[in-house]
Number of protein chains: 2
Amino acid sequence: MAISESTIAAGKEADTRERLIKAALRVFANRGIASATLREITEEAGANVAAVNYYFRSKEELTRTVLETCLRPINESRLRHLDELVARHGEGAIPLDDIIEALVRPMVMNSIDEYGGRSTVRLILQVRALPQPMTNTILANQFDRIHRTFIEALSKALPDLGRAEIGLRYDFARGAIMQILGDLDPAARDLPDLGIKHSGLDNESIVRLLVAFISAGFTAPGLLPVRAG
Amino acid sequence: MAISESTIAAGKEADTRERLIKAALRVFANRGIASATLREITEEAGANVAAVNYYFRSKEELTRTVLETCLRPINESRLRHLDELVARHGEGAIPLDDIIEALVRPMVMNSIDEYGGRSTVRLILQVRALPQPMTNTILANQFDRIHRTFIEALSKALPDLGRAEIGLRYDFARGAIMQILGDLDPAARDLPDLGIKHSGLDNESIVRLLVAFISAGFTAPGLLPVRAG
DNA sequence: GTCTATAACACGATAGAC
DNA sequence: GTCTATCGTGTTATAGAC
């Protein structure tokens with residue numbers, strides 16, 4: 001009632017903009033960023049074709065916004081988890097399982113889209129599989145600190161392993177996490193069988209199973225020489 | 001000298017066709033299947049723009065051929081390795097490390113393109129990240145038997161784990177293998193930092209490090225109930 | 001802020017000469 | 001088997017009415 005017209009306009013603006021971002025995430029994930037057209041995205045968002053060019057400058061700017069919007073909360077949650085662990089253990093090493101869980105849980109829990117799918121995961125898999133300058137810059141900005149922080153914590157927890165081996169195993173872990181979440185997306189399961197069906201697994205189980213596998217992998221004896229440092 | 005004109009023509013035909021496949025693999029991997037244009041591919045192959053439509057019926061048919069051409073040798077090698085292990089151990093269980101190595105080594109060793117890159121890996125990552133009916137059918141045809149065979153061998157080697165958990169860990173392993181090989185491709189390393197630099201790692205070390213990590217992961221105690229069977 | 005209409009361009013595919 | 005020229009289509013982006 002007391003809402004002015006400009007407030008309504010501003011509310012409407014934010015709404016269309018947000019709807020465009022959500023629709024773009026889904027269309028990008030399902031059809032590929034390059035193949036996705038502004039017509040599909042705007043139709044899915046219930047907006048006009050010209051809306052993307054009005055709210056974002058271009059398709060590229062929309063892509064940037066979508067990526068940053070869906071990555072930020074996941075990585076913020078990871079850092080929050082890890083900060084809590086650091087606070088709890090002070091200078092001492094953090095138990096391996098806890099570090100891995102801080103890496104796994106936010107990605108499993110916060111990458112679910114409004115339809116129960118894994119659009120965010122499939123989008124990340126896409127831009128990782130297809131390195132392009134623009135998306136790589138975004139990934140670097142979003143993930144660089146995370147990687148450094150986790151590898152540092154892992155180095156303290158696993159003093160017998162060198163940095164090179166920890167970095168490598170950390171990337172093994174990232175691959176395992178992302179691929180399984182991509183496969184679990186119902187949108188990917190409709191299609192002809194890729195790999196194995198994993199039906200009836202709740203997210204909590206996924207976390208526990210990933211943590212068990214990855215922690216065991218990290219506990220394997222090191223093969224590379226440990227550098228001083 | 002004794003080569004007839006028709007032989008020369010046939011040789012030339014096979015040559016252009018093959019050059020197109022190799023060029024397409026590289027361009028697909030670097031720019032994405034959807035974004036890759038026939039103009040880029042034919043230029044890279046030193047052929048005419050119309051050559052793709054002459055040798056293959058369409059871009060889609062070319063894509064199919066490229067995928068099958070680069071996947072077949074890898075999976076044939078995996079089956080060969082595993083068959084040898086089965087022959088050696090008869091009805092008994094195969095040691096876990098040997099099964100994992102039969103899974104890992106062919107992908108690490110046979111996915112290297114003529115420029116030392118990992119075009120094949122990045123192409124697989126692409127089509128897995130972006131499920132489409134056509135490419136999924138090819139993946140299913142190429143990988144289905146592999147998955148079944150390996151999971152069966154793993155079940156014998158790890159009788160304390162249920163099929164569901166083995167299938168899941170098998171997919172963890174596939175994710176770890178593919179993502180690390182994609183990251184190791186020099187073509188992906190030029191760009192802004194994604195994850196960690198893994199410089200100076202030879203392929204033999206990659207195999208050993210992957211096998212160590214994955215085998216340890218499989219050895220972790222099971223979390224899911226074991227079904228009878 | 002939202003719409004229609006269209007400009008400017010790139011693509012896959014093909015026809016037809018050589 | 002290889003080439004040039006071109007057709008038809010679909011794309012992003014924008015100009016301008018509402």
Side-chain angles (χ1 to χ4, degrees), chain A residues 3-28 30-67 126 130 132-135, chain B residues 3-28 30-67 126 130 132-135:
Chain A
I3 299 174
S4 71
E5 276 191 31
S6 69
T7 307
I8 292 174
K12 189 84 201 231
E13 174 180 342
D15 192 45
T16 300
R17 211 186 109 97
E18 228 171 273
R19 266 169 24 234
L20 282 172
I21 293 176
K22 281 187 181 167
L25 169 60
R26 207 159 47 247
V27 177
F28 282 161
N30 289 333
R31 302 236 318 128
I33 298 176
S35 302
T37 71
L38 299 184
R39 284 169 176 84
E40 290 175 279
I41 294 168
T42 49
E43 189 182 3
E44 178 101 1
N48 186 269
V49 229
V52 165
N53 262 273
Y54 177 78
Y55 285 104
F56 310 88
R57 213 169 41 86
S58 62
K59 183 183 176 182
E60 175 165 326
E61 200 62 35
L62 171 63
T63 308
R64 194 190 314 276
T65 307
V66 168
L67 266 173
Q126 241 181 76
L130 193 47
Q132 302 283 294
M134 190 268 281
T135 53
Chain B
I3 299 174
S4 71
E5 277 190 29
S6 70
T7 307
I8 291 173
K12 189 87 203 226
E13 173 181 341
D15 192 46
T16 301
R17 212 187 108 95
E18 229 172 90
R19 267 170 21 235
L20 283 172
I21 295 175
K22 281 187 181 167
L25 170 60
R26 206 159 47 246
V27 177
F28 282 161
N30 289 333
R31 301 238 316 129
I33 298 176
S35 303
T37 70
L38 299 185
R39 285 168 174 85
E40 289 176 279
I41 294 168
T42 49
E43 189 182 3
E44 177 101 0
N48 186 268
V49 228
V52 165
N53 262 271
Y54 178 78
Y55 284 104
F56 311 87
R57 213 168 41 84
S58 61
K59 182 184 176 181
E60 174 165 327
E61 200 63 35
L62 171 63
T63 308
R64 197 190 311 277
T65 308
V66 168
L67 266 173
Q126 239 180 77
L130 193 48
Q132 302 283 294
M134 190 268 282
T135 53

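These numbers come from the heavy atoms of this one structure, side chains and all, not from hydrogens, waters or symmetry mates. The sequence lines fix the lettering, A, B, ..., with proteins before strands; numbering per chain opens at 1.
Residues S35(A) and A50(A) both approach DNA chain D. Their nearest nucleotides, taken by heavy-atom distance, put S35(A) toward the 5′ side.
With hydrogens and angles ignored, the 3.5 Å screen pairs a side-chain donor or acceptor of R19(A) with a backbone N or O of A45(A). Looking only at distances, no side-chain donor or acceptor of K59(B) sits under 3.5 Å from a matching main-chain atom of T37(B). Judged purely by atom type and a 3.5 angstrom limit, Q126(A) uses its side chain to pair as donor or acceptor with the backbone of I33(A).
Taking atom OH of residue Y55(B) and atom P of nucleotide dA13(C), one finds them 17 Å apart after rounding to whole Å. Here the P atom of nucleotide dT14(C) and the CZ atom of R57(B) are 8 Å apart, to the nearest Å. Between the CD atom of E61(A) and the P atom of dT12(D) there is a distance of 16 Å, given to the nearest Å. Rounded to an integer number of Å, the gap from K59(B) NZ to dT9(D) C1' is 15 Å. Distance, N53(B) CG to dG8(D) P: 17 Å, rounded to whole Å. Whole-Å rounding puts the I41(B) CD1 to dA10(C) P distance at 18 Å. Between the CD atom of E43(A) and the P atom of dC3(C) there is a distance of 13 Å, given to the nearest Å. Rounded to whole Å, the distance from CD on E60(A) to P on dT11(D) is 19 Å.
Here A36(B) lies in heavy-atom contact (under 4.0 Å) with sugar-phosphate atoms only.
A sub-4.0 Å separation between OP1 or OP2 of dT2(C) and a side-chain N or O of T16(A) is present.
Listed nucleotides dT4(D), dA13(D), dA13(C) differ in distance to N48(B); the shortest reach to its side chain belongs to dT4(D). Comparing atom distances between the Y54(A) side chain and each of dT2(C), dA13(C), dT2(D) picks out dT2(C) as nearest. The side chain of L38(A) has dT12(D) as its nearest neighbour among dT2(C), dG12(C), dT12(D). Closest to the side chain of V49(B), from the set dT2(C), dA15(D), dT4(D), is dT4(D).
No donor-acceptor contact under 3.5 Å links the side chain of R39(A) to the base of dG10(D).
F28(B) has its side chain out of reach of L67(B): every pair of non-hydrogen atoms, C-beta onward, lies at least 4.5 Å apart.
Ion pairing of R39(B) with E43(B) is absent here, as no side-chain N (NZ or NE/NH1/NH2) approaches a carboxylate O to less than 4.0 Å.
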